[in-house]
Amino acid sequence: MAGRRGGPVSTDVTPVTPVVVRLKLSLLKNGLKQSGGRRAAYIGSAVAVLLFSVLQLIGLIALRGHAHAGSVVVLLVAVLAAGWAVMPLFFPSGDETLDPTRLVMLPLRPRPLVRALLMASLVGIGPLFTLCMLTGSVIAVAHGGVAYVVGVIGAVLGLLVCVALARTVAAANIRLLTSRKGRDLAVLSGLVIAVGAQVVNFGAQRLGSRGLGQLDGPAEVLKWVPPGSAIGAADSASEGSYGVAFLQLALSALALVVLLGVWSRHLTQLMTSPDGSTLQAADSRSRERNSTGLSRLLPAGRTGTVMERSLRYVWRDPKTKAAWVTSLAIGLIVPVFNALQGTGSIYFACFAAGMLGVQMYNQFGQDTSAFWMVAMTISSTRDAYVELRARALALLVITLPYATLVTVLTTAMLDDWPKLPEVLGLSFALLGAMLATGAWTSARFPYSIPQEGYKNVAPGQSGLAFMAILGGMVSAALLCAPVIAGTIWLNVSEGGERWSWLLLPVGTVYGVLITVAGLRLAAPRTARRLPEILALVSKG
């Protein structure tokens with residue numbers, strides 16, 4: 001091509017893909033150079049993932065020839081895809097190249113950038129683990145040369161679909177993930193892990209009791225859903241159903257094209273549309289938020305003010321919200337899942353009260369550096385007592401109805417209604433004991449909770465946290481000993497079941513009395529140790 005003066009004009013353009021891949025490798029290398037601890041953590045996690053991948057690969061190869069191998073691998077790929085879709089939402093900082101807004105100032109078009117980021121996404125431990133699982137899945141179901149060819153194509157498609165799915169989800173939510181609300185969402189990853197662990201445990205127990213045959217039904221559906229269809233194609237080719245295998249591969253390829261198209265569209269929007277930093281801080285639609293009706297439902301004076309502040313922490317503070325949501329979920333999952341398995345006990349319902357009672361521990365640490373404003377309002381033992389009492393009442397607003405609901409639900413599932421009063425009484429007594437010990441340990445062993453990151457204890461304060469939580473829980477169990485002994489005695493004695501209903505009022509009154517006693521013991525210690533408490537909780 002000739003220029004205005006007849007000279008040649010260079011049309012060489014540097015390929016974007018190698019540059020972005022090298023950028024990914026540089027980010028990884030420079031991140032490992034920052035500290036020896038980070039380098040050791042990365043190497044240790046890489047070794048652990050590789051060992052787990054090898055073990056899983058061996059296990060999948062051992063499935064070769066099994067009657068239900070096809071169902072197992074299809075469900076495995078579906079779970080992998082779900083993990084790839086969810087992880088960017090909870091760990092957005094795990095890969096700095098997930099944020100394409102860092103590239104908005106560069107002269108890049110969406111399509112070349114999509115290809116480059118897709119290739120860069122294949123660098124890492126996650127893609128290697130996924131590739132091992134897909135390889136093992138192909139080996140488990142492929143029989144014959146054609147099936148292996150189809151399996152190789154399916155494994156590549158499956159990996160690309162998983163990576164493209166993660167990138168599309170990240171691009172669609174990048175504004176959220178890089179905001180404070182996104183960081184709040186990331187804190188809730190512990191809930192996903194806790195719930196997922198219980199679901200996996202429940203599923204494993206059901207498989208152990210009923211066999212792999214029950215996976216055939218869901219697998220029949222998922223083998224037509226990408227990326228499960230990519231591995232299902234290898235199984236179909238092994239059975240000689242080449243037309244079916246072609247359709248399944250085509251579905252996976254179509255899913256990849258659609259994901260890349262959606263990803264490209266989101267990239268275009270991110271590259272061309274303004275974000276909050278380019279808009280005026282206050283627009284015509286912004287309105288001052290007035291107080292909600294919550295304050296009108298609470299007592300007047302300091303008690304209502306402290307209760308409202310504590311409840312707002314539960315709703316707005318990321319760490320407090322994560323702790324509450326996790327406790328609410330696990331407190332329900334443990335008794336309900338055990339009841340579903342037919343091996344549960346109605347006394348597992350006390351787990352709900354125990355999980356929520358833990359939220360009373362380290363009350364002042366939840367305030368972090370803002371505790372100095374609370375400390376300014378405490379000038380006497382009476383002030384400290386009202387402060388602690390109001391925090392306990394705020395916790396009871398949620399805990400009492402929740403523990404009752406879980407107990408009734410567990411009782412209904414086990415159809416053991418005669419034991420409902422005694423279990424409720426035991427739950428209320430346990431809750432009262434945990435409120436009492438929580439108030440005391442909040443004053444005796446306060447510790448700071450870092451606001452950033454995933455740590456719940458500031459460096460150097462792990463011992464305080466251990467003594468506060470473990471010591472408090474042991475003390476609460478000892479305080480509940482009279483009610484526990486009464487429950488055991490009524491269950492083993494002849495005719496004791498007729499009087500078991502008394503445990504409900506006894507447990508309730510005992511819980512109230514032990515809570516008041518704990519608050520009164522903690523109040524003077526809190527008033528005396530305010531400077532020390534403030535220094536400890538402000539370290540984060």
Side-chain contact test, heavy atoms from C-beta onward, threshold under 4.5 Å: evaluate it for Val374 versus Arg309 and give yes or no.
yes
Working to the nearest 0.5 angstrom, can you tell me the gap between Phe129 CZ and Leu57 CG?
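Phe129 atom CZ to Leu57 atom CG measures 10.5 Å (nearest 0.5 Å).
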Heavy-atom closest contact (Ala166 atom, Trp84 atom, distance)
CB-O, 3.3 Å
Applying side chain to side chain contact (heavy atoms under 4.5 Å, CB included) to Thr377 and Asp383, what does each step give before you reach the verdict?
CA-CA 8 Å; Thr377 65; Asp383 292 337; over 6 Å; no
Counting only heavy atoms not in Trp499, do more than 12 sit closer than 6.0 Å to its CH2 atom?
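No, not enclosed.
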Say you draw a straight line from CG of Leu50 to SG of Cys132; how long is it, rounded to the nearest 0.5 Å?
7.5 Å
Minimum heavy-atom separation for Leu60 to Ala140, with atom names?
O-CB, 3.2 Å
Check whether any side-chain heavy atom of Ile330 lies under 4.5 Å from a side-chain heavy atom of Phe351, and answer yes or no.
yes
Side chains of Cys350 and Val423 in contact at under 4.5 Å (non-hydrogen atoms)
yes
Go through Leu536 and Ser448 one step at a time and tell me if the side chain to side chain contact (heavy atoms under 4.5 Å, CB included) criterion holds.
CA-CA 6 Å; Leu536 287 171; Ser448 179; over 6 Å; no
Quick one: pull up CG in Leu414 and CG in Asn338 and give me the separation to the nearest 0.5 Å.
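The distance works out to 9.0 Å.
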Between Ile484 and Trp489, does a side chain to side chain contact (heavy atoms under 4.5 Å, CB included) hold up when you go through it step by step?
CA-CA 9 Å; Ile484 296 174; Trp489 180 75; over 6 Å; no
Please list, chain by chain and in numerical order, all residues satisfying side chain to side chain donor-acceptor pair (under 3.5 Å) with Glu422, sequence neighbours excluded.
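Listed in chain order: Tyr347, Asn491.
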Could you walk me through whether Met434 and Met360 pass the side chain to side chain contact (heavy atoms under 4.5 Å, CB included) test, one step at a time?
CA-CA 7 Å; Met434 298 197 75; Met360 186 63 187; over 6 Å; no
Can any side-chain N or O of Tyr402 pair as donor or acceptor with the backbone N or O of Leu332 at less than 3.5 Å?
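Confirmed, Tyr402 side chain pairs with Leu332 backbone.
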Backbone N/O of Gln363 and side chain of Ser442: donor-acceptor pair under 3.5 Å
yes
Provide the full list of salt bridge (charged side-chain N to carboxylate O under 4.0 Å, His left out) pairs with a residue in residues 515-528, sequence neighbours left out, each pair given once.
none
Do Leu426 and Leu430 have side-chain heavy atoms sitting under 4.5 Å apart?
no
With sequence neighbours excluded, tell me which residues meet side chain to side chain donor-acceptor pair (under 3.5 Å) with Ser500.
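With neighbours one apart ignored, the set is empty.
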Given side chains that start at C-beta, do those of Trp372 and Val537 come closer than 4.5 Å, heavy atoms only?
no
OG1/Thr410 to CG/Asp416 distance, rounded to the nearest 0.5 angstrom?
11.0 Å
Pairwise side-chain contact, Thr515 with Leu396, heavy-atom cut-off 4.5 Å (strictly under):
no
Hey, could you give me each pair passing salt bridge (charged side-chain N to carboxylate O under 4.0 Å, His left out) that has a residue in residues 346-367? Not counting sequence neighbours.
Asp367-Arg391
Verify salt bridge (charged side-chain N to carboxylate O under 4.0 Å, His left out) between Arg382 and Glu387, making sure each step is shown before the conclusion.
CA-CA 9 Å; Arg382 175 64 183 174; Glu387 176 75 23; over 6 Å; no
Could you grab the distance from atom CG of Asn362 to atom CD1 of Ile449, nearest 0.5 Å is fine?
5.0 Å
Please report the shortest heavy-atom distance between Gly472 and Thr437, naming the atom on each side.
O-OG1, 3.4 Å
State, with a plain yes or no, whether a side-chain heavy atom of Phe364 is found less than 4.5 Å away from one of Leu388.
yes
Partners meeting side chain to side chain contact (heavy atoms under 4.5 Å, CB included) with Thr399 (sequence neighbours left out)
Trp324, Leu356, Leu395, Leu431
Would you check if the side chain of Lys321 reaches a backbone N or O of Trp315 as a donor-acceptor pair within less than 3.5 Å?
yes
Please check this pair: side chain of Thr526 against backbone of Ala522, looking for a donor-acceptor N/O pair closer than 3.5 Å.
yes
Which pair of non-hydrogen atoms, one from Tyr361 and one from Ala476, has the smallest distance, and what is that distance?
OH-CB, 4.3 Å
Where Ser53 and Met133 come nearest, the two heavy atoms and their spacing
O-CE, 3.7 Å
If you compare all heavy atoms of Leu222 against all heavy atoms of Ala78, which two are closest, and at what distance to 0.1 Å?
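Looking at all heavy atoms of both residues, the shortest contact is CD1-CB, 3.9 Å.
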CD-OG1 distance between Glu308 and Thr303, expressed to the nearest 0.5 angstrom
13.0 Å
The criterion is side chain to side chain contact (heavy atoms under 4.5 Å, CB included); which residues satisfy it with Leu504, sequence neighbours excluded?
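Side chain to side chain contact (heavy atoms under 4.5 Å, CB included) check on Leu504 returns Pro421, Leu424, Phe428, Thr508.
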Is Leu420 close to Thr407 at the side-chain level, that is, under 4.5 Å between some pair of heavy atoms?
yes
